[in-house]
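See structure below.
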Amino acid sequence: MPKSKELSVSSSGPTVHLEFLDEGIIAVLTLDDFKGTNVMSPEMGDVFRRHIALLQKDATVRAVIIRGAGKHFSIGGHRDMLVGLGRPGRSEKELRDFMLAFYSRWLPVLDLPMPVITVLQGDCIGVAPVFACTADIAFADETLKLQVTFGGLGLYPGMALPTLLTRKVGPYRASLMTMANEILTGREAERIGLVERCVPPGFAYEEALKTARAIGASAASVVRLLKKNLGIKKTDLTSELEMNAQQQARDFQTDEYRKRAANYLPDHYA
């Protein structure tokens with residue numbers, strides 16, 4: 001039987017569980033804010049970055065799976081955080097530095113030497129769709145409702161999302177997703193190539209695990225070289241991230257953003 005080991009984590013706040021399966025060949029990272037929304041907060045990002053740093057040094061792991069606890073993958077940034085970023089009194093430099101630090105919590109996933117497989121289900125909105133782009137392989141189930149909501153907030157997308165989306169689905173589809181706040185189902189995400197496969201509800205993790213085990217059976221040296229040659233590095237996005245953070249810092253200070261952020265997300269997400 002495959003062996004599983006989960007690292008001990010605090011249950012006092014938002015966290016990311018790290019579990020090892022199959023004698024350490026597969027690592028599973030689970031976003032979990034204990035509310036079922038898996039908000040990508042700075043606090044959760046700190047835990048995520050620590051786990052990624054650990055995995056970067058692990059020669060045993062051959063594939064990493066990222067998923068969200070509960071029925072939703074993630075609703076992205078919390079409304080309270082977004083409203084707070086728009087409050088008067090914060091300098092443009094302070095806002096820019098905050099966003100660059102926020103990006104740096106999540107994007108080191110791009111520098112993992114082994115393949116990353118993302119499992120998407122339920123709501124995946126705001127900045128959370130970046131996980132479909134930073135993964136080497138993405139799976140979804142039919143419950144997926146994916147939406148890039150920055151335009152509706154009056155905020156330029158961060159995390160190099162325009163570039164990453166364009167790399168995955170092309171410039172015209174990326175334009176539609178980022179400009180029109182289009183909601184994609186799992187099947188539509190599969191059709192346009194944002195995810196590699198869509199499966200019936202509840203089966204995406206099983207599909208990811210099957211694929212991770214198939215990767216684990218391949219020669220590790222070949223897989224890591226393929227990852228190096230086919231993937232994208234965080235350093236490849238440096239100028240894009242700088243521009244994103246600078247523009248977001250400006251957008252946070254506008255009345256339009258403040259009005260839109262105050263009405264962002266239904267109350268049941270609060």
OG1/Thr134 to CG/Asp111 distance, rounded to the nearest 0.5 angstrom? 11.0 Å
Locate the shortest heavy-atom distance separating Arg96 from Ala245; write the atom from each residue and the value. O-CB, 3.7 Å
Between Lys168 and Glu196, is there a salt bridge with N-O shorter than 4.0 Å? yes
Minimum-distance pair of heavy atoms, taken over all atoms of Val195 and Gly186: CG2-O, 4.1 Å
Does the distance from a Lys or Arg side-chain N to an Asp or Glu carboxylate O, for Arg187 and Glu142, drop under 4.0 Å? yes
Proximity of Phe150 and Tyr156 rings by center, below 6.0 Å: no
With heavy-atom distances below 4.5 Å as the criterion, would you say the side chains of Leu31 and Met44 are in contact? yes
How far apart are the C-alpha atoms of Leu95 and Gln253, what are their side-chain angles, what is the distance that settles it, and do they pass the side chain to side chain contact (heavy atoms under 4.5 Å, CB included) test? CA-CA 9 Å; Leu95 292 166; Gln253 297 176 314; 3.9 Å; yes
Any side-chain heavy atom of Leu164 sitting closer than 4.5 Å to one from Glu240? no
Where the side chain of Asp33 meets the backbone of Gly36, is there a donor-acceptor pair that is under 3.5 Å apart? yes
Any non-hydrogen side-chain atom of Leu110 less than 4.5 Å from a side-chain atom of Val116? no
Hey, could you give me the CG/CD distance between Leu209 and Glu207, rounded to the nearest 0.5 Å? 10.0 Å
Salt bridge flag under 4.0 Å for residues Arg49 and Asp46: yes
Is it true that the side chains of Tyr103 and Glu242 contain a donor and an acceptor less than 3.5 Å apart? no
Which distance, rounded to the nearest 0.5 Å, do you find between the CG of Leu146 and the CD1 of Ile183? 9.5 Å
Output for pair (Glu94 CD, Leu85 CG), nearest 0.5 Å, gives 9.0 Å
Determine, for Phe252 and Arg87, whether the Lys NZ or Arg CZ falls below 6.0 Å from the six-membered ring centre while staying within 45 degrees of the axis. no
Note, Pro88 side chain near Arg258 side chain (heavy atom, < 4.5 Å): yes
Kindly confirm or rule out a cation-pi arrangement of Arg79 over Tyr264, judged by NZ or CZ under 6.0 Å from the six-membered ring centre and within 45° of its axis? no
Kindly say whether Ser74 contributes a backbone atom to a donor-acceptor pair with the side chain of His72 at under 3.5 angstrom? no
Min side-chain heavy-atom separation Asp136-Leu230 under 4.5 Å: no
Just wondering, are more than 12 heavy atoms of other shown residues or ligands nearer than 6.0 Å to NZ in Lys227? yes
Do Cys124 and Leu144 come close enough that some side-chain heavy atom pair is under 4.5 Å? yes
Check whether any side-chain heavy atom of Ile65 sits under 4.5 Å from a side-chain heavy atom of Tyr205, and report yes or no. yes
Could you tell me whether the side chains of Asp251 and Gln247 share a donor-acceptor contact shorter than 3.5 Å? yes
Step by step, would you call Leu55 with Leu29 a side chain to side chain contact (heavy atoms under 4.5 Å, CB included)? CA-CA 10 Å; Leu55 292 172; Leu29 288 166; 4.0 Å; yes
Where His51 and Val16 come nearest, the two heavy atoms and their spacing: NE2-O, 2.8 Å
Between NZ on residue Lys233 and CG on residue Leu107, distance to nearest 0.5 Å: 13.0 Å
Group every Ile, Leu, Val, Met, Phe, Trp and Tyr by side-chain heavy-atom contacts under 4.5 Å, then state whether Val130 and Ile192 land in the same group. yes
Please name the pair of heavy atoms, one in Pro42 and one in Phe98, separated by the smallest distance, quoted to 0.1 Å. CG-CZ, 4.0 Å
Of all the heavy-atom pairs spanning Pro115 and Val223, show the shortest one and how long it is. CG-CG1, 3.4 Å
Leu54, Val61: one ILVMFWY side-chain cluster at the under-4.5 Å cut-off? yes
Okay, side chain of Asn38, backbone of Phe73: is any donor-acceptor separation there less than 3.5 Å? yes
Derivation of the side chain to side chain contact (heavy atoms under 4.5 Å, CB included) call for Val148 and Leu161: CA-CA 9 Å; Val148 179; Leu161 193 53; 3.8 Å; yes
With distance as the sole criterion, is a donor-acceptor pair present between the side chains of Thr143 and Gln121 under 3.5 Å? no
Establish whether Val64 and Ile232 are linked, either directly or via other cluster members, by ILVMFWY side-chain heavy-atom contacts under 4.5 Å. yes
Taking C-beta and beyond as the side chain, do Phe20 and Thr60 meet within less than 4.5 Å on heavy atoms? no
Quick one: closest heavy-atom pair of Ala204 and Val119, and the distance? CB-CG1, 3.6 Å
In terms of side-chain geometry, is the basic nitrogen of Glu43 or Arg105 positioned less than 4.0 Å from the acidic oxygen of its partner? no
So CG of Leu184 and CD of Gln147: to nearest 0.5 Å the spacing works out to 9.0 Å
Verdict with reasoning, Ile117 to Ile66, per side chain to side chain contact (heavy atoms under 4.5 Å, CB included): CA-CA 6 Å; Ile117 304 169; Ile66 299 176; over 6 Å; no
Ion pair check, Glu256 and Lys259, cut-off under 4.0 Å: no
With distance as the sole test, does Arg224 use its side chain to make a donor-acceptor pair with the main-chain N or O of Ala219 at under 3.5 Å? no
Okay, side chain of Arg260, backbone of Gly152: is any donor-acceptor separation there less than 3.5 Å? yes
Over 60° means perpendicular and under 30° means parallel, so tell me whether Phe48 and Trp106 are parallel, tilted or perpendicular. tilted
May I ask whether Leu153 and Met81 are part of the same hydrophobic cluster, defined by side-chain heavy atoms of I, L, V, M, F, W, Y residues being less than 4.5 angstrom apart, directly or through others? yes
Side-chain donor-acceptor contact under 3.5 Å, Thr30 with Asp32: no
Starting from Leu237, can I reach Leu165 by hopping between I/L/V/M/F/W/Y residues whose side chains sit under 4.5 Å apart? yes
State plainly whether the residues Arg173 and Glu188 are in salt-bridge range, i.e. N to O under 4.0 Å. yes
